[in-house]
Structure formats: C-alpha cells, structure tokens
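Quick notes on the structure that follows.
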Amino acid sequence: MIKILTLFLFTFTMADTYKQPSYKLIKEDNNIQMREYSKYVIAKTVIDQGNLDEDNNMFRKLGGYIFGNNVKNASIPMTAPVITQNTNSGYEMIFFMLNVDSPDQLPEPTNDAVILEMMEMGKVITISFGMWATEARVESYKKILDEYISANNIEITSNLMVAQYNSPWALPPFRKNELIYKIK
C-alpha cells in the first residue's frame, strides 16, 4: 500500500513539471542561489497597484493566450515559473515563451491586455521555498534573502519577483517557489 501511495504522489507531482528557462549557476548557499539567465520572450499582463486581488484574472488572460486565444487559435506550451512582481507601472504577471527567439514568432494576442516582449533577467539572486507562496511566507523568505544580500554587499537592480512553479492542484509539500531579485 505504501509503495502504491508513494508511486501515486510521485506521478502526481511529476505530471506538474513544465519546461523552464535555463540558467548558469554562479553560486549556491543552501536554498539561496546566484544565477545568470539569457534573454527570453515573455507574455505578460499588468494591472494597477490597487487591484492585487486580480491574480486569477491575470492568469486567465495569459492562460487564455497560450491555450488558443490568439489570432491563429494556436496552443503554446505552458512553462514554469509564473512570475509576479510589483513595478512602477503596476502589478505584472509573466509567462515565459521558451519555444521562440523573438515576440514576432508568436501569434498576436486577441486580448490587448497580453503583451509580448523580450525580458533580460541577467544575473539574479534567488531563495527557494516550498508549500504555498502566501503573503506571510513570501515576507518571511524575503527577510532571509534581504539579510543575505546585505551581509554579502550585493546590489539589487530590480523589484522582488515571486516565481511559482506548480499548478494550483500540486500538493503543498511538493510545491516549489522562489523569490528573485536582479543583481549587478
């Protein structure tokens, strides 16, 4: 019985794996990593700062785009992570488009709220954690990451990004999340 349950849980969590952006690992210290990413094509949507309860609508807009809500009615492979961040222009949600080299290789969105562009992550520092990426857990891991950054004199060049790697039905113990800052 335990073998069957273990196999079920393994299959359930592995079914939730998606293609991810590749990177070069620069340094690792427990659950903190410094990495270097290339440029990637992204699909994003932005809402005003005051509408942070609109996460599900943002996901529906981007999900609709990759599931065929575009001028070619074409499906585009889902990737991970889904990134959210506060910016000067609002609150963003980002999907990586890993099968193309430029936005013009993708079908045009039919929803004006979906924007296709290049994103250069460059050098980043991350902290990984499991379970749900609740506001309290994000704040707790942000504090740990900020202390590490301060202790190591690392210069941040972006707002904090929250990366979530799993679908909503992934069991909490098997979830993967990261907090990411771009750095010099």
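Put simply, the side chain of Asn177 gets close to the backbone of Met131: a donor and an acceptor are under 3.5 Å apart. The closest donor-acceptor contact from the side chain of Asp29 to the backbone of Ile32 lies at 3.5 Å or more, if one exists at all. Side chain of Asn70 to backbone of Glu108: no donor-acceptor contact under 3.5 angstrom is found. In terms of modelled atom types and a separation under 3.5 Å, the side chain of Asn152 and the main chain of Ile154 share no donor-acceptor contact. Judged by distance alone, the side chain of Thr126 and the main-chain N or O of Leu179 form no donor-acceptor pair under 3.5 Å.
Taking NZ of Lys24 as the reference point, atom CE of Met34 lies at 11.5 Å (rounded to 0.5 Å). Once rounded to the nearest 0.5 Å, the distance linking CG of Asn73 with CZ of Phe67 reads 14.5 Å. In this structure, the separation between CE on Met121 and OG on Ser38 is 11.0 Å, given to the nearest 0.5 Å. Interatomic distance, Thr79 OG1 to Ile94 CD1, rounded to the nearest 0.5 Å: 11.0 Å. Rounded to the nearest 0.5 angstrom, Glu155 CD and Ile149 CD1 are separated by 11.0 Å. Between the OG1 atom in Thr110 and the NZ atom in Lys72 there is a gap of 14.0 Å [rounded to 0.5 Å].
A donor-acceptor pair shorter than 3.5 Å cannot be found between the side chains of Asn31 and Tyr141. Residues Asn69 and Lys61 bring no donor and acceptor atom of their side chains to less than 3.5 Å of each other.
For the pair Ile66 and Met78, the minimum side-chain heavy-atom distance is below 4.5 Å. Using a 4.5 Å heavy-atom threshold, the side chains of Ile125 and Ile180 count as separate. In this structure, Asp48 and Tyr91 have side chains that are not in contact, with every pair of non-hydrogen atoms separated by 4.5 Å or more. By the 4.5 Å heavy-atom criterion applied to side chains, Glu92 and Thr84 are not counted as neighbours. Proximity of Phe96 to Pro81: side-chain heavy atoms (C-beta onward) are separated by under 4.5 Å at one or more points. Using a 4.5 Å heavy-atom cutoff, the side chains of Met58 and Ile47 are in contact. The closest side-chain heavy-atom distance from Val46 to Lys44 is below 4.5 Å. Inter-residue side-chain proximity for Tyr65 and Ile76 is flagged as met; some heavy-atom pair is nearer than 4.5 Å.
The side-chain contact (heavy atoms from CB on, under 4.5 Å) test applied to Ser102 returns Asp104, Gln105, not counting sequence neighbours. Residues passing the side-chain contact (heavy atoms from CB on, under 4.5 Å) test with Lys123, sequence neighbours excluded: Ile26, Glu36, Ile183.
When hydrophobic clusters are built by joining Ile, Leu, Val, Met, Phe, Trp and Tyr residues whose side-chain heavy atoms come closer than 4.5 Å, directly or via intermediates, Tyr181 is grouped together with Ile127. Residues Val138 and Leu145 fall within the same hydrophobic cluster, defined by Ile, Leu, Val, Met, Phe, Trp and Tyr side chains chained together at heavy-atom separations under 4.5 Å. Linking ILVMFWY side-chain heavy atoms closer than 4.5 Å, directly or via other members, places Ile42 and Leu98 in a single hydrophobic cluster. Linking Ile, Leu, Val, Met, Phe, Trp and Tyr whenever their side-chain heavy atoms come within less than 4.5 Å puts Met161 and Tyr23 in one cluster. Leu106 and Met118 fall within a single hydrophobic cluster, where Ile, Leu, Val, Met, Phe, Trp and Tyr side chains are chained together by heavy-atom contacts under 4.5 Å.
Nearest heavy atoms, Leu160 versus Gln85: O-CB, 3.4 Å. Across every non-hydrogen atom of Asn166 and Arg175, the tightest pair is OD1-CA, 3.1 Å. When all heavy atoms of Arg35 and Tyr37 are compared, the closest pair comes out as NH1-OH, 2.8 Å. The minimum heavy-atom distance between Pro21 and Ala80, with the atom names listed, is CD-O, 3.1 Å. Of all heavy-atom pairs spanning Ser158 and Lys182, the tightest one is OG-N, 2.8 Å. Taking all atoms of both residues into account, the shortest heavy-atom contact from Pro109 to Leu116 is CD-CD1, 3.8 Å.
Taking the six-membered ring for Trp and the full ring otherwise, Phe59 and Phe95 have centroids separated by under 6.0 Å.
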From CA spacing to verdict: side chain to side chain contact (heavy atoms under 4.5 Å, CB included), Tyr18, Ser167: CA-CA 10 Å; Tyr18 301 105; Ser167 64; 4.2 Å; yes
Under the criterion side chain to side chain contact (heavy atoms under 4.5 Å, CB included), I'd like the reasoning laid out for Tyr40 against Met97: C-alpha separation, chi angles, the key distance, then a yes or no. CA-CA 7 Å; Tyr40 288 100; Met97 306 284 108; over 6 Å; no
Going through the distances and angles, do Val82 and Met93 end up as a side chain to side chain contact (heavy atoms under 4.5 Å, CB included)? CA-CA 7 Å; Val82 173; Met93 182 173 283; 3.7 Å; yes
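Counting only residues at least two apart or in different chains, side-chain hydrogen bond (donor to acceptor under 3.5 Å, both in side chains) contacts with residues 127-136 comprise Ser128-Glu178.
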